[in-house]
Structure formats: structure tokens, C-alpha cells
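Here the structure comes first, spelled out in C-alpha cells, and everything after it is commentary.
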Amino acid sequence: MQQGIMNQQSKHIKNYKEVQLSTASQGRIIVMLYDEVIRQIEYARDELQASSRKYDKINAALVKARDVITELMVSLDFEKGDALAKSLFSLYQFFNTKLIEANVKKEVEPLNEIYPFISDLRESWNKISTTAVASPEVPSSGIDISG
């Protein structure tokens, strides 16, 4: 009986997350991706610092963090965001290098090195996405319908 309830809860949570993702703006999706990277890094850091050291779970968390960073890399638009896209791409490469280093060496220091940068980027994207929602764009016809 307990298993059935847990499966139902898991199903509802999954459905909620799918709706949240499908209705989110591009900026909110980027924030959600950063949130996931942060969550995985925090988990890996906690496990690396714990005495049990669950290497399989540390590996899974760091691989997932790299996958999300890679997703951010491939979503960059080099035509619209030339210099910014190039800078972000370089940062993402650096993040992935440090994630690999932390995973191979099973050390927390590479994670501590990139965590503040990722956290700052997350906050910046959060401000951008919140501002974009609060102040809608002017229609492309140039007519301001806001009043």
C-alpha cells in the first residue's frame, strides 16, 4: 500500500515538473538549469566531505552537472550574442574541466572553485528573467500599447 502511494506522489511530482518546464520562459529555464547544476555540485561536495564517500553517487551527480553545463553550452546563440556567447562558452568549458577534475581526483576543491561563479551566473539570469517578465517587450510594430 505504501509503495502505491509513493508511486502516485512520484507521478504527480513528475507531472508538475513537466508542466513547470513546458510553461517556463527561456530565462526561467536557464535559471532552472543553473539550479540543477548547483544542486548536483552541493550534493557531490557533501558526499566528498562525508566519511562514507559514496563514489558512485558522487560520479552520478558530477556527470549530471556536466550534462547540464553541456546543455547550456549548446544553447548559446553565437549570432545574436557574439562576445557574450563566446565568454559564456569559455566559462562553461572551464566548469566542465573542473567537474571532471573533481570527479577523477574525488576532491572538493575544484567544486569550491567554480561554485561562486555558477551561483553568480544563476543570480544574474534570475534577475534578467524576472525583469523580462515584469516589463514586457514593446510589440515589433513599434506601437506602445502599455498606456
Inset, instruction - Step through the shown structure and confirm whether more than 12 heavy atoms of other residues, nucleotides or ligands are within 6.0 Å of NZ on Lys106. - result: yes
Legend entry - Side-chain touch Gln40/Val68, heavy atoms, less than 4.5 angstrom: no
Inset, instruction - Indicate yes or no for a side-chain donor-acceptor contact from Lys105 to the backbone of Ala102 under 3.5 Å, with no hydrogens or angles considered. - result: no
Legend entry - Rounded distance (nearest 0.5 Å) linking atom CZ of Arg28 with atom CG of Asp35: 7.0 Å
Inset, instruction - Treating Ile, Leu, Val, Met, Phe, Trp and Tyr as nodes and any side-chain heavy-atom pair under 4.5 angstrom as an edge, say whether Phe94 and Phe78 lie in one connected cluster. - result: yes
Inset, instruction - Could you tell me which non-hydrogen atom of Gln49 sits nearest to which non-hydrogen atom of Val108, and how far apart they are? - result: NE2-CG2, 3.8 Å
Legend entry - Basic-acidic side-chain contact under 4.0 Å: Arg39, Glu42: no
Inset, instruction - Taking the side chain as every heavy atom from C-beta outward, state whether Leu72 and Tyr34 have any pair of such atoms under 4.5 Å apart. - result: yes
Legend entry - Leu121 CG to Ile128 CD1 distance, which is reported to the nearest 0.5 Å: 9.5 Å
Legend entry - Backbone N/O of Tyr115 and side chain of Ser119: donor-acceptor pair under 3.5 Å: no
Legend entry - Nearest atoms (heavy-atom pairs only) where Leu111 meets Leu99: CD2-CD2, 3.7 Å
Legend entry - From Ser75 atom OG to Leu88 atom CG, the distance as rounded to the nearest 0.5 Å: 9.0 Å
Legend entry - Connected via hydrophobic side-chain network under 4.5 Å: Val31 and Ile38: yes
Inset, instruction - Could you check if a side-chain atom of Met73 sits within less than 4.5 angstrom of a side-chain atom of Phe95, using non-hydrogen atoms only? - result: no
Legend entry - Asp82 CG to Asp77 CG distance, which is reported to the nearest 0.5 Å: 10.0 Å
Inset, instruction - Provide the closest heavy-atom pair for Leu62 versus Ala44 in the form atom of the first, atom of the second, distance. - result: CD2-CB, 3.6 Å
Legend entry - Listed partners of Asp120 passing side chain to side chain donor-acceptor pair (under 3.5 Å), at least two apart: none
Inset, instruction - Tell me whether Tyr43 is reachable from Val104 by hopping between hydrophobic residues (I, L, V, M, F, W, Y) whose side-chain heavy atoms are closer than 4.5 Å. - result: no
Inset, instruction - Quick one: pull up CD1 in Ile69 and CG in Leu91 and give me the separation to the nearest 0.5 Å. - result: 9.5 Å
Inset, instruction - Check the hydrophobic clustering (I, L, V, M, F, W, Y; side-chain heavy atoms under 4.5 Å; chains of links allowed) and say if Trp125 and Phe117 are grouped together. - result: yes
Inset, instruction - Give the cluster check for Tyr55 versus Ile41: same hydrophobic cluster or not, with ILVMFWY residues linked at side-chain heavy-atom distances below 4.5 Å. - result: yes
Inset, instruction - Identify the two heavy atoms, one from Asn126 and one from Thr130, that lie closest to each other, and give their separation to 0.1 Å. - result: O-OG1, 2.7 Å
Legend entry - Pair Glu47 + Lys57: basic N to acidic O under 4.0 Å: no
Legend entry - Interatomic distance, Ile30 atom CD1 to Glu71 atom CD [nearest 0.5 angstrom]: 10.5 Å
Legend entry - Glu79 atom CD, neighbour heavy-atom count above 12 within 6.0 Å: no
